[in-house]
Amino acid sequence: MADNYTCLSVSILTIGLLTAFYLPSANAALAVMSLVVVLVCVSHVLGKLRRRDGQTERRVCVLVLGDIGRSPRMQYHALSLSKHGYSVVFVGFLDSKPHQGILQDERIRIVPIAEVKGVQGNGFIHLHIIAFKFLMCSCKLELILTLFVSQNPPGLPSIAVACLVCGLRGTRVIIDWHNYGYTIMALSHGAGHPVVRLAKWYEHFFGPLATHNLCVTKAMKDDLQRNWGIKATTLYDRPASVFRETPVRLQHELFMRLARTHPQFLPSGNDPCEDEVERTAFSGFNLADKAVTLTPGRPALLLSSTSWTEDEDFSILLKALEEYEGFIKAGTSLPSLVCVITGKGPQKKYYRKLIDSLHFEYVKICTPWLEAEDYPVLLGSADLGVCLHKSSSGLDLPMKVVDMFGCCLPVCATNALLDCVLHELVKHEENGLIFKDPQELAEQLRVLLSEFPNADSRLAMFRRNLQANRGLCWDDNWDQNVLPLLTSST
């Protein structure tokens, strides 16, 4: 890692420049000077709080400039650190409920960053919120950090703050590269936009200052080494233990809860009406003998999850569903379909309007937001998953597919990723299928569901392959790849 005081000086200067960039020119000079003065003053305060090496506690800050509840990989980091005896301060936005394990863990303390209405997305405001909340929290609790884990993206300005804090405290920094932030910004602004160029320089500059770097694919590891001079450790996303096939009884309980707010889960008018059976569209609970069974002739449950952002084009799925509807109307023997698309995000309203404009007879679509505890249960109850993730860098992999595979759920995935990356996860004709356009996806749905729910079908074969090749769980993977980084250096 670079000299601490060098990191500190560069961090303060860079933060000041970023501040000036985001403010009107008339206020830029004043903003730069005020921020530099504030940070230098804070450095003197924190300098007095530093303890000697022999008194340092095993404390970690995990920082995510995003919603903690929608940052599963960072939640898993926090849980793994806690498991190995670290006290964790988890800093981030608290828009949705985190995993229950995070809330119940006595070693993990969440320090939420409050959104400032009217200035969301403004780097200057977010920078001050992060620096103030985190540094003031550290002073109040007298935390002496031995490690700082930061997610990228979003890394602007969190990586600079991480380098600042760690420069002050002689602390190690780990950056976990999920993707490149500047490539995501380029989707909206174009690669030549000044903000995108600044973000690229920012990541190139601060990345090598970290003590260790993690990344999500071998292809990203090679790119970081070749183009950025960063030696990273590949930590593949792995499903947490909660992602597994769901027993029929738990499926029925979830379907009953969802049916209260989403009529797509209610039984159709063709289902038999029996007073002693509690029914959903997929299952039945016999009140007399307490037996739970899946309903013969039930619809197939198709599932996709999304953040409703520009890197996923859901018009592809909607067009494929239109063709699937056409197959049935033309006389093809196929099951009706319930398509569940989970998640929150900026483009949800746009796609919700498109969905509402469709008039299907055999396909039903709903877009619920699920609690953290219900999401793996639904994945484990589904029959087929769909992934529309299109990487902005071409180097990351969708965690949603990892979670689906943890539930032994076969997947149809778009080929929008580089082949060298996609094949690190989805094996065509082994655990799923890869499609290039809506027509090919529609054909894959027709083929895979033509024998549904036959145990000898192609879809069932994919599921058996996933059951036989589950691979490492997150805990074992983390222990093999990350734990040695923590214990090998001081």
* S315: side-chain hydrogen bond (donor to acceptor under 3.5 Å, both in side chains) partners, not counting sequence neighbours -> D313
Considering all heavy atoms of both residues, which atom of [X] and which atom of [Y] are nearest to each other, and what is their separation?
X    : Y    : value
P346 : S307 : CD-O, 3.7 Å
L94  : P112 : CB-CB, 4.0 Å
D356 : H359 : O-CE1, 4.3 Å
G345 : R70  : N-NH1, 4.2 Å
T246 : P376 : OG1-O, 3.9 Å
K221 : A232 : CE-O, 3.3 Å

May I ask you to decide if [Y]'s main-chain N or O and [X]'s side chain share a donor-acceptor pair within less than 3.5 Å?
X    : Y    : value
N431 : L466 : no
D67  : S96  : yes
Y351 : F314 : yes
W308 : G343 : yes
H428 : I434 : yes
S457 : A460 : yes
E430 : F462 : no
T295 : R298 : no
R244 : G406 : no
H99  : G101 : yes

Do the side chains of [Y] and [X] get nearer than 4.5 Å, heavy atoms only?
X    : Y    : value
V89  : V62  : no
H84  : L483 : yes
E312 : T306 : yes
T414 : H389 : no
C61  : V111 : no
N454 : F452 : no
S450 : L334 : yes
V426 : V401 : yes

* Quick one: do M404 and L303 satisfy side-chain contact (heavy atoms from CB on, under 4.5 Å)? Show the steps, please. => CA-CA 9 Å; M404 290 175 182; L303 189 139; 4.0 Å; yes
A quick test of your reading: do over 12 heavy atoms of other residues, nucleotides or ligands sit less than 6.0 Å from [atom1] of [X]?
X    : atom1 : result
K348 : NZ    : yes
Q104 : CD    : yes
K344 : NZ    : yes

* **Step-by-step side-chain contact (heavy atoms from CB on, under 4.5 Å) determination, L459 to R463** => CA-CA 7 Å; L459 183 62; R463 187 180 290 273; over 6 Å; no
Pairwise distance [atom1]([X]) to [atom2]([Y]) - rounded to 0.5 angstrom:
X    : Y    : atom1 : atom2 : value
L409 : D403 : CG    : CG    : 10.5 Å
F255 : L378 : CZ    : CG    : 7.0 Å
F90  : D105 : CZ    : CG    : 11.5 Å
L302 : L384 : CG    : CG    : 5.5 Å
S304 : I365 : OG    : CD1   : 11.5 Å
H252 : S381 : NE2   : OG    : 12.0 Å

* Please name the residue in the list L485, V216, N477 that meets the side-chain contact (heavy atoms from CB on, under 4.5 Å) test with L235. => N477
Does [X] pair with [Y] as a salt bridge, N-O distance under 4.0 Å?
X    : Y    : answer
D479 : K83  : yes
E325 : K329 : yes
D374 : R257 : yes

* Asked: Would you say the side chains of T233 and N481 form a donor-acceptor pair under 3.5 Å?
  -> no
* Asked: Side chains of D475 and Y76: do they bring a donor and an acceptor to under 3.5 Å?
  -> no
* Using side chain to side chain contact (heavy atoms under 4.5 Å, CB included) as the criterion, list what pairs up with D289, not counting sequence neighbours. => N286, A291
* To do: For I110 and L103, run side-chain contact (heavy atoms from CB on, under 4.5 Å): C-alpha distance rounded to whole Å, both residues' side-chain angles, the deciding distance at 0.1 Å, then the answer.
  => CA-CA 8 Å; I110 295 177; L103 300 175; 4.1 Å; yes
* To do: Go through Q467 and E245 one step at a time and tell me if the side chain to side chain donor-acceptor pair (under 3.5 Å) criterion holds.
  => CA-CA 9 Å; Q467 291 167 340; E245 292 179 272; 3.0 Å; yes
* To do: May I ask you to check if R58 and Y86 form a cation-pi contact, with NZ or CZ under 6.0 angstrom from the six-membered ring centre and within 45° of the axis?
  => yes
* Not counting sequence neighbours, which residues clear salt bridge (Lys or Arg N to Asp or Glu O under 4.0 Å) with R446? List them please. => E443
* Applying side-chain contact (heavy atoms from CB on, under 4.5 Å), run through L445 and F327 and close with a yes or a no. => CA-CA 10 Å; L445 295 178; F327 292 150; over 6 Å; no
* **Worked verdict on W474 versus S80 for side chain to side chain donor-acceptor pair (under 3.5 Å)** => CA-CA 9 Å; W474 170 270; S80 295; 2.9 Å; yes
